Amino acid sequence: MTQKLNKVEELKLEKDGYDVLADIIRYSEAGDYDAIEANDLEARFKWFGVYRQRPNVGHFMLRIKLPGGQLSPAQLRGIANLTDRYARGFADITTRQTIQLHWITIQDLKPIFQELDRLKLTTTFACGDCPRNVVSCPLAGVLKDETIDSAAITRQVSDYFVNSGREFSNLPRKFKVAIAGCSINCHLPHIHDIGFYGVKRPNGQEGYGLLVGGGLSSTPHFGQPLRVFVKPEQVAEVSRAVAVLFRDHGYREKRTRARLKFLVADKGWEWTRDRIEETLGYKLERDETLQYPVSSHADHMGIGVQKDGRHYLGIPIERGRWTATNMRTLADLSDKFATGDKRIRLTNKQNAILLDVPKENLAAISAALESAGLPPAAHRLRTTLISCTGTEFCNLAVVETKHRAGRVLRWLEENTPDLDQPVAISFTGCPNACAQYQVFDIGLTGIPVVLKGQKDADGKAIKVDGYNVLLGAGLGADPKFGEVIAKKIQGDKIHLALKGLLDAYVAQRADAEETFTAWVARTEPESLQQIIEAPVNAPDAVPLMA
Ligand code: SF4
């Protein structure tokens with residue numbers, strides 16, 4: 001049956017997003033923001049990672065793709081130079097292991113694209129209705145207890161989609177792939193359109209389990225297991241076959257129903273598997289014994305030993321925002337103290353990892369990182385508190401996130417000294433869930449709050465930034481999304497709610513091993529709500545101001 005197309009579908013038929021690159025270069029050479037055709041500016045530019053930046057008066061955000069967060073020191077130094085030259089000296093690491101620059105002008109785009117080409121980096125399909133950055137474990141290939149090394153296949157799948165031209169440039173909506181053999185599934189395969197997770201069979205055979213149809217946003221779904229064993233050499237063609245399924249069967253009528261997750265939920269996993277196999281031209285090996293993957297928010301931070309005996313150093317980057325100086329420091333230290341490949345990786349918790357450091361260089365590189373203000377050892381929350389872009393630059397945001405997240409983190413570091421277990425906290429500026437709030441231990445999602453009994457000079461109710469607090473998420477055999485436990489907590493008091501939760505967890509946990517998630521699961525929702533709201537509503541509650 002022919003579908004009635006939504007507006008974005010119509011503009012893609014007029015001109016494919018993939019065809020906008022030549023126009024971006026032409027607009028950049030002309031240097032006239034006001035002359036940019038509206039559908040190019042608001043929609044098609046995204047296919048090359050270019051977003052209008054709030055408040056839409058001539059600046060852009062630019063997203064640089066990094067499959068699996070993989071970078072060389074030269075590439076990171078190159079991005080640092082672009083950041084200094086065009087982006088006012090700072091950039092953000094995202095939950096898809098990419099880097100976003102802000103304050104880019106139309107004139108800047110051509111020279112930036114030329115420099116990214118030289119650095120062998122791309123923004124192709126960084127946004128838009130196409131395959132996005134492929135996410136992986138940042139320690140793929142080096143993690144001692146990984147199930148299977150996925151570094152090369154992550155790059156291969158990414159390259160395939162980037163070079164596929166118009167084959168997948170007009171999908172119904174975005175398409176997200178995660179591939180890793182990480183022992184803790186830090187790549188969160190459950191919340192991707194395709195999630196490959198490493199498995200090792202009793203006979204020692206290594207490969208992947210496959211989840212399809214996951215995704216968050218305002219209607220979250222966990223990926224459904226297809227109960228097949230995917231051999232490493234099949235990963236690329238299976239990824240392509242799922243993209244074909246989405247392209248040819250995905251919904252294009254309502255934009256809000258256009259993600260693959262809705263199709264898979266409606267049709268079921270067996271139908272999905274059968275369509276994938278039709279494209280493959282062969283059957284995948286059935287395996288009913290594969291377990292649903294268990295994930296952790298632990299982010300491979302601190303110092304660890306690689307499988308080749310060298311070391312990695314996980315370096316927390318406060319809520320993903322770093323300066324060009326930070327980037328250059330890490331690139332220089334990698335060049336100076338790492339050996340061989342000198343690999344650098346970014347994580348989906350918005351942090352960075354330096355790989356390939358031999359034991360004899362650990363003391364010197366640790367001291368250098370410490371003196372640069374980038375110590376590998378940090379408070380637990382510094383590694384797992386993340387934030388999306390928020391109202392500072394994002395057109396969809398309803399509250400500010402980035403700066404508040406930084407302030408709250410620094411306050412909590414001083415005021416929760418007893419916290420000795422990782423607790424993942426997400427500050428998210430709207431229900432679109434770029435910071436994945438539904439699967440974090442504590443998910444904060446932005447919502448305006450009316451100040452009771454207070455009016456402005458015109459007699460109108462005063463609204464301030466606030467957050468709903470979600471708890472109870474779990475990424476185990478029986479995965480759960482977080483549920484709203486407390487609503488409309490004023491933003492300038494959210495630090496008190498978080499401290500209340502963290503202190504109660506430390507005081508009430510059964511023993512030092514009980515996780516925050518387990519404590520939440522056995523605590524009544526009413527008690528949790530009281531723990532959150534009591535310090536916020538206390539007469540002596542002190543707001544945390546900018
Ligand atoms: Fe913007 Fe919402 Fe995404 Fe945050 S979650 S970056 S506010 S769209």
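Bear in mind that the values here come from a model prediction, so they are computed numbers and not experimental data. As the structure lists them, so they are numbered: ligands from 1, and atoms in each ligand from 1.
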With no hydrogens and no angle check, do the side chains of D299 and T347 hold a donor and an acceptor under 3.5 Å apart?
yes

How far is atom 3 (Fe) of ligand 1 from its nearest protein heavy atom, and which residue and atom is that?
C434 SG, 2.3 Å

Whether F516 and Y505 hold their rings parallel, tilted or perpendicular, with breakpoints at 30° and 60°
perpendicular

Relative to the heavy atoms of L396, which atoms of ligand 1 are at a distance of less than 4.0 Å?
8 (S)

Should you measure from each heavy atom of T428, which atoms of ligand 1 turn up under 4.0 Å away?
5 (S)

Heavy-atom contacts with A397 under 4.0 Å: which atoms of ligand 1 show up? List them by number with element.
7 (S)

Between CZ of R328 and OG1 of T325, what distance do you get to the nearest 0.5 Å?
6.0 Å

In plain terms, say whether E9 and K12 are close enough for a salt bridge, that is, a side-chain N and a carboxylate O under 4.0 Å apart.
yes

May I ask you to decide whether E392 forms a salt bridge with K402, counting only side-chain N to carboxylate O separations under 4.0 Å?
no

For ligand 1, is there an atom lying under 4.0 Å from some heavy atom of A433?
yes

Per-atom filter on ligand 1: closer than 4.0 angstrom to a heavy atom of C388 are 4 (Fe), 5 (S), 6 (S), 7 (S)

Does a sphere of radius 6.0 Å around NZ in K480 hold more than 12 heavy atoms from other residues, nucleotides or ligands, not counting ones at 6.0 Å or beyond?
no

Run the numbers for me: atoms of ligand 1, each under 4.0 Å from some heavy atom of T389, listed by number.
6 (S)

Pick whichever of C394, S426, A435, C430 has a heavy atom sitting closest to atom 2 (Fe) of ligand 1.
C430

